[in-house]
Protein chains: 2
Amino acid sequence: MITKLFIVDDHYMVIEGIHALLQHEKNIEWVGHAMNASSCMAFLQQQLPDIILMDINLPDTSGIELCKTVKEKYPSVNVVALSTFNQQSFIKKMIENGASGYLLKNASTKEMLECIEMTMKGKSYFSFEAAQTLRYQPDDEIILTLREKEVLALIAEGLTNPEIGKRLFISTTTVDSHRKNILTKFNVKNTAALIHAAVKKGFL
Amino acid sequence: MITKLFIVDDHYMVIEGIHALLQHEKNIEWVGHAMNASSCMAFLQQQLPDIILMDINLPDTSGIELCKTVKEKYPSVNVVALSTFNQQSFIKKMIENGASGYLLKNASTKEMLECIEMTMKGKSYFSFEAAQTLRYQPDDEIILTLREKEVLALIAEGLTNPEIGKRLFISTTTVDSHRKNILTKFNVKNTAALIHAAVKKGFL
DNA sequence: CTGCTTATCCCCCTTTTAGGTGATTTTATC
DNA sequence: GATAAAATCACCTAAAAGGGGGATAAGCAG
């Protein structure tokens with residue numbers, strides 16, 4: 001069985017690299033590539049591949065959004081996320097949006113082939129490191145409510161509690177409560193450490 | 001004249017991609033690759049290439065550090081930075097550490113060849129976007145003193161002014177002064193916005 | 001229905017920041 | 001040796017943040 005493979009990545013070198021690594025594989029057909037989200041969608045209107053290797057960082061839309069759109073319109077297409085970052089939040093988001101796997105860009109040919117094979121069998125595949133991230137860091141997962149995320153974003157913008165209150169049409173004391181809860185969830189004791197941690201964990 | 005090319009990048013796909021893109025170039029000799037800083041240094045003890053394409057993000061040392069070390073030990077070797085990020089601070093730092101050029105990973109083959117050619121002629125080459133970043137954003141360049149960088153790092157860790165003072169053996173009021181100067185330089189009005197901006201600009 | 005989470009609100013009090021203004025010493029540079 | 005930049009220290013005031021406590025209403029799941 002021949003797997004039709006499509007790639008979305010804005011880096012020419014990566015596209016060429018994957019192409020070079022897989023060109024001698026007989027059961028993989030290279031149906032094309034796109035360097036941004038919109039040309040990817042345009043391609044899919046004409047032909048559906050079996051697997052899309054999709055970079056998370058794209059110039060127009062993020063891979064996380066593109067993945068969602070693709071899976072909604074073409075549920076039969078398997079999406080495998082392709083990324084440099086081994087960040088838990090990204091991995092989680094891609095899975096939520098229907099990705100079948102997560103491949104880091106430092107993956108070997110063997111890993112790539114395994115990933116394609118597994119995906120075609122309907123199973124999930126995650127790069128070793130990505131899998132470890134998901135497995136061994138369950139406790140540092142931070143779940144914020146919608147409101148908390150809003151507040152956090154406004155804090156990062158530099159707004160004070162009274163300003164945030166006005167913006168969200170709630171009392172200053174409420175903002176204060178949210179803020180304290182966020183600090184507790186991140187296990188930090190002030191705003192500086194909070195913003196730093198929030199960025200590192202992909203919230204900002 | 002044949003250019004001896006060496007690559008340092010922790011992503012197998014990128015190495016293969018560049019290899020694929022340049023393998024038919026007759027005046028470029030592919031002398032090898034390394035996937036981290038230490039094996040790069042080990043290679044250089046045996047053979048010196050003309051140009052090193054060096055990723056900024058490496059697993060052990062950062063490319064910025066590696067560039068410095070390489071140029072100190074082997075000044076004849078030209079280092080071209082290779083990166084996904086079009087961030088001013090990184091570009092600036094690489095130049096300061098002796099890099100001859102800055103190539104973005106979405107560069108075309110033509111750009112790569114141009115870059116190699118220019119570098120061999122002793123000139124600098126910067127990807128179009130990287131050059132624009134340097135040219136059109138001169139005013140948002142933020143220059144911090146050594147002390148200010150130290151203080152900023154400790155603020156990001158979540159230390160308060162008294163704590164920072166103890167750590168650096170200076171008075172709390174001095175820390176306060178530094179802190180105010182940093183806020184002014186970043187043109188922000190509180191810690192939250194400061195940390196956010198500092199991360200975006202590559203200080204943290 | 002009961003417990004749980006979310007979102008809302010309020011109080012007290014202490015510490016920390018931020019804005020303003022000013023000054024001294026060290027260090028590097030011309 | 002003069003000049004400029006960096007680093008140091010100080011005082012005042014007001015605003016904001018953080019730590020503690022507690023309360024209520026709405027919505028949801030077992």
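We name chains A, B, ... by the order of the sequence lines, and we start the count at 1 in each one.
Whole-Å rounding puts the A:N181 CG to D:dG22 C1' distance at 14 Å. B:N161 has its CG atom 18 Å from the P atom of D:dA16, to the nearest Å. Summarising the geometry, the separation between CD1 on A:I182 and P on C:dA7 is reported as 10 Å, rounded to the nearest angstrom. Rounded to whole Å, atom P of D:dA14 lies 19 Å from atom NZ of B:K189. With rounding to whole Å, B:I143 atom CD1 is found 18 Å from D:dA4 atom P. Atom CD1 in B:I164 sits about 11 Å away from atom C1' in C:dT16, given to the nearest Å. Here D:dA17 presents its P atom at 14 Å from CG of B:L194, a figure rounded to the nearest Å. As rounded to whole Å, 13 Å separates atom C1' of C:dA18 from atom CD of A:E163.
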In 5'-to-3' order, the base (B), backbone-only (S) or no-contact (-) status of each nucleotide in nucleotides 23-30 of chain D, using a 4.0 angstrom heavy-atom cut-off, is --------

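The shortest side-chain heavy-atom distance between A:F43 and A:H33 does not fall under the 4.5 Å cut-off. When side chains are defined from C-beta on, A:L53 does not count as touching A:D9, because their heavy atoms never get closer than 4.5 Å. Annotation: side chain of A:I52 is in contact with side chain of A:L44 (closest heavy-atom distance under 4.5 Å).
Which of C:dT8, C:dT17, D:dA17 sits closest to the side chain of A:R147 comes down to C:dT8.
Salt-bridge check for A:E150 with A:R147: passed, with a basic side-chain N closer than 4.0 Å to an acidic carboxylate O.
The local environment of CG in B:N27 is crowded, with over 12 non-hydrogen atoms from other residues, nucleotides or ligands closer than 6.0 Å.
The shortest distance between the side-chain N/O atoms of B:T145 and the OP1/OP2 oxygens of D:dA5 is not below 4.0 Å. Residue B:N190 places none of its side-chain N or O atoms closer than 4.0 Å to OP1 or OP2 of D:dA16.
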CA sep, side-chain torsions, deciding dist, call: A:K121, A:E117, salt bridge (charged side-chain N to carboxylate O under 4.0 Å, His left out): CA-CA 6 Å; A:K121 284 181 182 167; A:E117 197 183 325; 3.5 Å; yes

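Classified by interplanar angle (parallel below 30°, tilted 30° to 60°, perpendicular above 60°), the ring pair A:W30/A:H19 is parallel.
Of the candidates A:T3, A:N78, A:L103, A:T119 forms a side chain to side chain contact (heavy atoms under 4.5 Å, CB included) with just one, namely A:N78. The only member of A:V31, A:I116, A:D50 that meets side chain to side chain contact (heavy atoms under 4.5 Å, CB included) when paired with A:L5 is A:I116.
Residues from residues 166-180 of chain B with heavy atoms under 4.0 angstrom of DNA chain C, sorted by number: B:R179, B:K180.
In this structure, B:L146 and A:L183 both approach DNA chain D, and ranking their closest nucleotides by distance from the 5' end singles out B:L146.
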